[in-house]
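Numbered from 1 within each chain, the chains take letters A, B, ... in sequence-line order.
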Amino acid sequence: MLENWIYIGLFLLLAWIFPGGPILIARFLAPHRPDVVKNDVYECGVETVGETWVQFKVQYYNFALTFLIFDVEMAFLFPWAVSFDKLPIFGVFSGAFFVLILFAELLAAWRKGALEWA
Amino acid sequence: MTVEQFVFLVFAVITLGAALMVVTDRKVIHSALWLILSLFGVAGLYVLLNAGFFAVVQVVVYIGAIAILFIFAAMLTRKAMEDVGPQVNPGWPAAALIGGVVFVALAWMLSHWGQFMALPPAFADDTPTLTQLGVALVSPDAYVIPFEIASVLLVAAMVGALYAAWGKKK
Amino acid sequence: MSFFSDPVNSIILWLRNLLIGWGLSTGGVTLIMKALGVMVLSTLALLLVIFLIWLERKLAARFQQRLGPNRVGPYGLIQPIADVIKIFTKEHITPFGVEGFLYNLAPILSVAAVLMLWAVIPLYKGVVGADLNVGVLYLVAAGALGTLAILLAGWSSNNKYALVGAFRTVAQMVSYEVPTVISLLVPVLLAGTMSVSGIVEQQKVIYLLVSPVAALLFFLSSLAEIGRTPFDLMEAESEIVAGFHIEYSGLKFGMFYVGEFLHAFTVSALFAVLFLGGWRGWGAESFPLLGLVYFMLKSFLVYFLVVWVRSTLPRVRIDQMLNFNWKFLTPVGLILLVATAVVQKVILISGASYGVMVLSHLVVNVLILWVAFRIVETREARRPRRQPVAQPRPVARPPEVTQA
């Protein structure tokens with residue numbers, strides 16, 4: 001079991017080399033002649049106004065929040081799905097009930113208007 | 001020192017070091033990114049405990065969802081992305097003292113506990129632990145009530161948070 | 001075990017014996033073998049990208065009644081290699097005010113996250129990088145790293161377009177992760193395992209036939225996850241120029257490009273593994289290498305579909321994109337999950353044959369899709385629409401000139 005994770009760990013260590021190595025090589029191959037105009041922030045030729053890190057709409061937060069709740073609940077459902085063959089009928093229905101609560105939650109968010117991009 | 005211990009130390013250093021950076025970095029977004037690294041270290045520790053399921057759930061939920069939520073929230077609320085001003089309040093020596101005492105006490109207690117170096121008992125049946133977890137989650141003599149309540153609780157949390165986010169606008 | 005029917009395992013066996021013969025410890029040999037496996041897999045994946053770029057350009061050209069690259073080499077096959085050489089010699093322009101480390105990390109992470117998906121994909125019988133028992137969730141977790149790469153790129157670039165593009169992308173990716181995960185739960189439930197190669201083993205009948213709706217959900221949400229048309233809002237040229245990678249040039253931009261192409265092929269491969277039976281096919285059990293051929297054929301078939309969709313459909317708006325996810329895909333997915341669970345349990349208890357199981361799942365799936373479409377139809381019919389007839393508009397007229 002742990003042996004499989006060694007492979008994942010090695011992947012995590014080595015996967016950086018394959019994109020990172022060529023970039024490093026390209027650094028030596030490519031010319032490097034920076035100047036003030038070239039290195040300016042690209043905004044279609046117009047000079048940038050104010051700070052880059054602008055304030056964002058609340059909708060982004062809403063969607064991230066809804067996603068988070070779904071993500072957590074999905075994590076609960078995976079063991080349920082894996083052990084499906086061994087579950088009694090009660091277990092199947094309590095899992096299905098869990099999904100239905102999730103569905104009700106989706107409807108609630110829908111009614112509240114949290115899913116609208118206004 | 002075995003390989004496993006070495007890997008444990010690496011992950012522990014990553015977790016703690018990144019956690020330290022979370023509270024000391026002055027940029028909010030950087031703090032969120034350090035937090036991701038710290039949580040990633042925790043996922044590594046789960047793998048070493050042979051709890052692969054928790055490791056991937058840690059990455060999916062904490063790095064994939066909560067950290068993204070933090071970054072969105074930071075972009076939503078903060079006008080100034082960088083904090084200025086002192087990073088400690090006047091009570092810091094007392095806090096440091098209490099923290100140190102608690103750490104020493106815990107370390108002392110654990111080192112005098114006979115079971116500290118003991119290995120966990122092996123499972124009686126050899127069905128995969130993930131299957132056992134799934135069965136236990138929905139069986140009435142185990143965790144079915146917490147399982148369903150968790151679902152309802154998350155719904156309540158989401159409705160509350162959405163209300164808080166939309167409140168100012170309406 | 002003959003070399004021709006299963007070359008990978010033969011080579012592994014030969015190398016292992018060779019290294020042990022040199023007096024290395026078993027643990028060390030395992031480590032070396034695994035590291036070699038990672039290297040070979042990653043190299044092959046990146047080499048595949050060069051071919052994919054050619055393929056996609058050629059296919060897109062055909063869809064648009066053009067010829068596509070046809071000058072360099074036979075059928076233009078050498079074209080992508082020429083492009084690679086060119087992009088290596090392009091300047092890396094680092095604009096003012098970027099966050100140096102994060103800015104350089106983002107393109108690397110975006111490729112690494114996709115490469116990591118290949119760790120759990122079975123190539124043919126008995127050949128898989130790591131047969132994790134949580135493989136399916138691992139796929140979702142590696143996808144989360146890709147989201148992070150885009151957020152890093154957008155944030156560190158010090159450019160408003162990049163930031164807006166990154167935020168759009170992340171909102172899209174996290175939203176579409178919900179139907180992805182739901183559609184992944186269906187094969188897990190049917191196979192009773194989360195291991196990707198386990199799911200392949202269990203597919204006596206491909207899951208595309210057992211649960212077509214789950215396959216459809218997975219395909220559509222994957223299109224959104226890879227950010228291809230019709231879901232390519234992240235690089236809507238007319239609005240935000242190029243999105244999160246606007247400030248990247250040279251090979252750093254190239255890496256985002258590589259990541260996108262590889263991701264497109266990887267989700268095709270995942271579709272092939274989860275819903276088309278992966279390496280399964282006639283004779284793949286006794287002659288394993290044939291499985292690799294089947295797997296690749298299936299993957300390229302799905303990839304062809306992805307390219308077809310890309311070169312046919314226009315781009316959707318952001319509100320349409322989110323509505324489609326939250327008001328169609330997600331509810332359908334949740335209902336599908338409940339229905340699949342109930343049907344599967346009834347079948348298991350009644351002890352019906354495999355054919356009956358497949359048929360009843362198929363019927364339920366079609367029913368769900370039909371009801372969903374009817375609901376959408378009635379809602380659409382009731383929605384107030386703007387008249388497509390042009391209304392008279394005020395027209396600017398020259399002031400009347402009074403004769404003096």
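In terms of heavy-atom proximity, L348(C) sits nearest to D85(A) at CD1-OD1, 3.7 Å.
In this structure, the side chains of M74(A) and E177(C) stay at 4.5 Å or more apart for every pair of heavy atoms. Side-chain contact between F84(A) and V188(C) is absent, with no heavy atoms from C-beta onward closer than 4.5 Å. Two residues are said to be in side-chain contact when any heavy atoms from C-beta on lie closer than 4.5 Å; I108(C) and F18(A) fail this criterion. The shortest distance between side-chain heavy atoms of P19(A) and V258(C) does not fall below 4.5 Å. Put simply, the side chain of L41(C) reaches to within 4.5 Å of the side chain of Y7(A), judged on heavy atoms. Considering only heavy atoms from C-beta on, F78(A) stays 4.5 Å or farther from V134(C) through its side chain. Contact of the V178(C) side chain with the T66(A) side chain is not registered, since no non-hydrogen atoms from C-beta on lie closer than 4.5 Å. Contact annotation: the side chain of L102(A) approaches that of L334(C) to within less than 4.5 Å [non-hydrogen atoms, C-beta and beyond].
Neither the backbone nor the side chain of L190(C) comes within contact range of chain A, judged by heavy atoms closer than 4.5 Å.
Of the listed residues (V111(C), L185(C), T89(C)), the greatest number of heavy-atom pairs within a distance under 4.5 Å of chain A belongs to L185(C). Among S175(C), S110(C), A112(C), the residue with the largest count of heavy-atom pairs under 4.5 Å with chain A is A112(C).
Judged by distance alone, the side chain of K345(C) and the main-chain N or O of L87(A) form a donor-acceptor pair under 3.5 Å.
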